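First up is the structure itself, then whatever we jot down about it.
As the structure is a computational prediction, the values presented were derived from the model and not from experiment. Letters A, B, ... mirror the listed sequences (proteins, then strands); counts begin at 1.
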Amino acid sequence: MAGLEERTRYEPSEVEPRITQRWRDSGIDHPEPEGTPDENFSIAVPPPNVTGVLHMGHALNGSIQDALIRWHRMHGARAKWILGTDHAGIATQKQVEKRLAEQGRSRVELGREQFTQEVWKWREEFGGQIVGQFQRLGASLDYEDERFTLDEGYVKAVLKVFVDLYDDGLIYRDHYMVNWDPGLGTAVSDLEVEEREKTDTLYSIAYSDEITVATVRPETLLGDTAVAVHPDDDRYQHLIGTTVTVPLTGRDVPVIADEYVKTDFGTGALKITPGHDPNDFEIGRKHDLGSISVIGEDGRMTAEAGDFAGLTALDARAKVVEALGDKVVEQQPYTHNVPYSQRSGERIEPLISLQWFMRMDELAKPAIEAVTSGKIRIHPPTQQRRYVDWLENIRPWCISRQLWWGHQIPVWYRGEETYVGTEPPTGDGWERDPDVLDTWFSSGLWPFATLGWPEDTAQLKAFYPTDVLSTARDILFLWVARMVMLGFRFPGDIPFRDVYIHSVIQAPDGRRMSKSLGTGIDPLALIEGGPRPPVFTQGGEFPAYGADGVRFGLLAMSSTQDVRFSEEKVAQGAQLTNKLFNASRLILLNAPDTVEPAARPSTVEDRWILSRLQAAKAEAAERIAAFDFSKLALGLYDFVFGELCDWYLELVKPRLYDGDEDAQATVLHVLRETLALAHPVIPFVTEEIWELRFGAGGGPGDLLAAQQMPGVDDALRDPAAETQVATAIEAIRVLRNWRESIDCKPKVIVRATLSGDAYGEAAPLIARMARFEWAGANGDQPGAAVPIPGGGVVQVLPTEGVDLGAADRKRDAERKRLEGEIKRAEGKLSNEKFVAKAPAELVDAEREKLDRLKAELAAL
RNA sequence: GGGCGGUUAGCUCAGCUGGUCAGAGCGCGCGCCUUACAAGCGCGAGGUCCCCGGUUCGAGCCCGGGACCGCCCACCA
């Protein structure tokens, strides 16, 4: 590594791997399971799919959670960020099946046992990649304690939950209408179904002279078991209770009355197919109709479909329409919403199937109460309503999946006997239920199963309930709500206190980031550099922004709603790291090792920066508490750039060079606290700088990550200094502006006198920063007068390089501006209503402003 | 069909309980190699705060209506 003198630029790709190693070696991310959950701090990471790779959502959520973990660790808590991955039943099985297909093999050919072995092998090979990627991001997860939703202990937890809920009557098996995914050959839950708008043909089919029905799925008429009309519909009342013959089948079915039927849609007569339509299923149950399944789980027509057996549903539709001939009295295009599987993209086939279900109403009650009572807080609160609404209308959850990869259901059958238990039954002839549980069933146990539940472990005692659960909106129901329900039911109590719902980051063009659309952006390409994907209008390569830059950028982008990805914010983060590094070089290269960091203010700028530092610390704490990560990051940027570097370091520089120990100690103190403050957001660069000066011993306890976050010291707040320096800064801006306006070269030191009593100690600072020189008038005639904030006036004396003619013109323009403002203020004050009704202090402020403007005008 | 959110500078976004709230970063223009940083520094130009009404002494901010964009929930064949 080059000496600090030579390192004029911060190089994240050189620094970050080195720092990562130090953190790993230190064991700092692995807290001992001691103390109580109240004094400890824990977060269970949303488990990424075991074969997944880090995407933008992980990177954002990782940055958020890591900021929280580091923040609380630096406040003395044992901070545990629970790590693990999800077996992700469908997704993983699909991946492995795809690879097998490429090799010309198939799941069925291998058989269940061998196939699951293949998946485990796949996991060995490609799994856990994402864990390394989290590390690259700087995530301070507990890497020594990694869990997997299919590891031994976890399986125990899952089976126990299943058996207990079965014993309590909440889990049951039933023939019920499910969302069948013909592509994957499994049932999926309601939450895995999405509606897509489609234009189909609406067929009107005459069942008799008097009854014509409308349907987009004529093939299902083969399974009709009734025709329904509205009870009050005059057109059909005489037919209620009679029968009608379903075309092509010769089957007579009853004409029933049900309020569900809309009289104003189509003909007002509805064919009822309980086997293949969720509504019809309900009506069928209500009227005791019985059902006929004409479409099978393979998406083909069953034997019940007679001549049409074996055809796909779509082919059957054409054939049925053809066979109906002139019974099809009308065809028209019809746009409606059709269910599709989110998992496979196939059109969902609603059908009746024997599946395992979980009754949710009883579990939902405490989960609703927890949120409405504020025991669990959802941020932003707008999401609370969604959560409650969903739980209040919750329906049974289909938990069985016809897959091989996952937790196999702990139920065995032998003839008419059923055995349910965490251990296999004894005796011969038992056959285990082949289905596995929905992945979200096991994920629902995440915050406590990862801590060793159902054993009464030290981990559980120390870290459950966890503190924060941070995730995106899309799994609020799928995952968060279920964790709450199961958390109450099993370990008892809430699983986490705060739920933070973060933004979804969209592609720069506003589309969803997705691999298939080609709109995804790889966080690692941003960290380490790499080609810009085509969603960017600008081509070329990303510079290596570094993990800190990416973390900062993502936090700065985040909000309570979805946001577009902004490379500029990441660049801003990288700029901040470079700025902080270089500011540190200035300080460290000029403050000898013998000087101890300490707040030893001896000038107004010292008092000012110390006061501003207290404000920065207080604001950061508020923003962490409010989950306002964008302001946390941007506030840090403003402090480091806008106050520390742009002003304080420039102001203090000469004293630093002169060996002023008070200045050196104070600057070191400010740097040290700034590093700590920034660490949760940009951990690498801060740790690196820390090591250069403050991490003396090099031991684990000497890491910045292990330090105590400095608190706010109210004794160092100094409103007077803040006002004085703020005024000076404004004055400097005005003077610089004035110089520009008269085209005065930067090198020229302008001779002038300064009048006004607001500047005090700051007067020489104004001179230096604005490149002026306060002189006695010595009989010289001032050539220009520049009023400056704070009520003072700068009288410019003849100086070589200062064009006083230009200054005159500038003065005239300024006079005009002031006259305009005075007019406006006078107008406002002559408005009787304003004077009468506006708060007195506002009116006074306006008067003061007017006086000030007049004084400025007079001074010109 | 319900519900929620958005519309502010060329771009991405801040703007708290109505009164310096018209802002930031990037981009753009001009000027500076000022001994921490040229991936830097200084200065500047850019906006009918979506539209129309209303409340108010005063409205990006509140109310009513409208337009456009996005998301969530939902069993009208």
Quick test of your reading of the model: are A/E730 and A/R733 salt-bridged, counting only N-O distances below 4.0 Å? yes
Between atom CZ in A/R564 and atom P in B/C69, what is the gap in whole Å? 13 Å
Note: A/A269 and A/T212 closest approach over all heavy atoms is CB-O, 3.6 Å
Residues within residues 732-743 of chain A bordering RNA chain B, heavy-atom distance below 4.0 Å: A/R733, A/R736, A/N737, A/E740
More than 12 heavy atoms of other groups within 6.0 Å of A/R512 CZ: no
Base orientation of B/G46, chi within 90° of 0 counted as syn, else anti, reads syn
Side chain to side chain contact (heavy atoms under 4.5 Å, CB included) between A/R7 and A/L692: does it pass, once the steps are laid out? CA-CA 12 Å; A/R7 295 171 69 187; A/L692 291 170; 4.3 Å; yes
Without decimals, in angstroms, what is the distance between A/F536 CZ and B/U12 C1'? 12 Å
With P as the reference atom in both, quote the distance from B/C13 to B/U7 in angstrom, rounded to an integer. 10 Å
Quick one: what's the B/S/- string for nucleotides 72-77 of chain B, heavy-atom cutoff under 4.0 Å, read 5' to 3'? SSBBBB
Is a salt bridge present between A/R217 and A/D200, judged by a nitrogen-to-oxygen distance below 4.0 Å? no
Below the 4.0 Å mark, does B/U12 have OP1 or OP2 next to a side-chain nitrogen or oxygen of A/Q572? no
A/Q575, nearest nucleotide to its side chain (from B/C37, B/G6, B/C26): B/C26
Measure from CG on A/L692 to C1' on B/A36 and round the result to the nearest Å. 14 Å
5' priority, RNA chain B, between A/L634 and A/E650 [closest heavy atom]: A/L634
Taking only side-chain N and O atoms of A/K653, does any of them lie within less than 4.0 angstrom of OP1 or OP2 on B/A36? yes
Could you give the CZ-to-P distance, from A/F552 to B/A24, as a whole number of Å? 16 Å
Which pair of non-hydrogen atoms, one from A/P396 and one from A/M360, has the smallest distance, and what is that distance? CA-CG, 4.3 Å
Specify the separation, in whole Å, of atom CD of A/Q506 and atom P of B/C71. 8 Å
A/R196 with A/E194: basic N within carboxylate O range, under 4.0 Å: yes
How many whole angstroms separate atom OH of A/Y637 from atom C1' of B/A39? 11 Å
Taking B/G29 as the reference, what is the distance to B/G46 when you measure between their P atoms (whole Å, please)? 16 Å
Non-hydrogen atoms of A/G573 and A/F552 that approach each other most closely: CA-CD2, 3.2 Å
Determine if the base of B/G64 is syn or anti; take syn to mean the glycosidic torsion is within 90° of 0. anti
Quick one: A/F641 CZ to B/C41 C1', roughly how many Å, whole number? 11 Å
Between A/Y545 (OH) and B/C26 (P), how many Å, whole number? 12 Å
Using the P atom as the point on both nucleotides, what is the distance between B/G58 and B/G42, in whole Å? 41 Å
Measuring from atom CZ of A/F477 to atom CG of A/L391, what distance do you get when rounded to the nearest 0.5 angstrom? 8.0 Å
Using atom C1' in both nucleotides, what's the gap between B/G64 and B/A24 to the nearest angstrom? 33 Å
For B/A36, does the base pair up with any side-chain atom of A/E5 as donor and acceptor (N or O, under 3.5 Å, distance only)? no
For B/C41 and A/K579 - does any side-chain N or O of the residue sit under 4.0 Å from the phosphate oxygens OP1/OP2? yes
Side-chain N or O of A/S566 versus OP1/OP2 of B/C11: is the shortest distance under 4.0 Å? no
Suppose you measure atom P in B/A22 against the same atom in B/C63; what distance do you get, rounded to whole Å? 22 Å
Where each pair must be Watson-Crick or G-U wobble with both distances under 3.5 Å, what dot-bracket representation of RNA chain B is obtained, with crossing pairs in [ ] and other-strand partners as |? (((((((..((((.....[...)))).(((((.......))))).....(((((..]....))))))))))))....
Residue from A/L324, A/V294, A/T273 passing side-chain contact (heavy atoms from CB on, under 4.5 Å) with A/L221: A/L324
Is A/K631 close enough to B/G15 that one of its side-chain N or O atoms is under 4.0 Å from OP1 or OP2 there? yes
State which of B/G5, B/G25, B/A39 makes the closest approach to the side chain of A/R9. B/A39
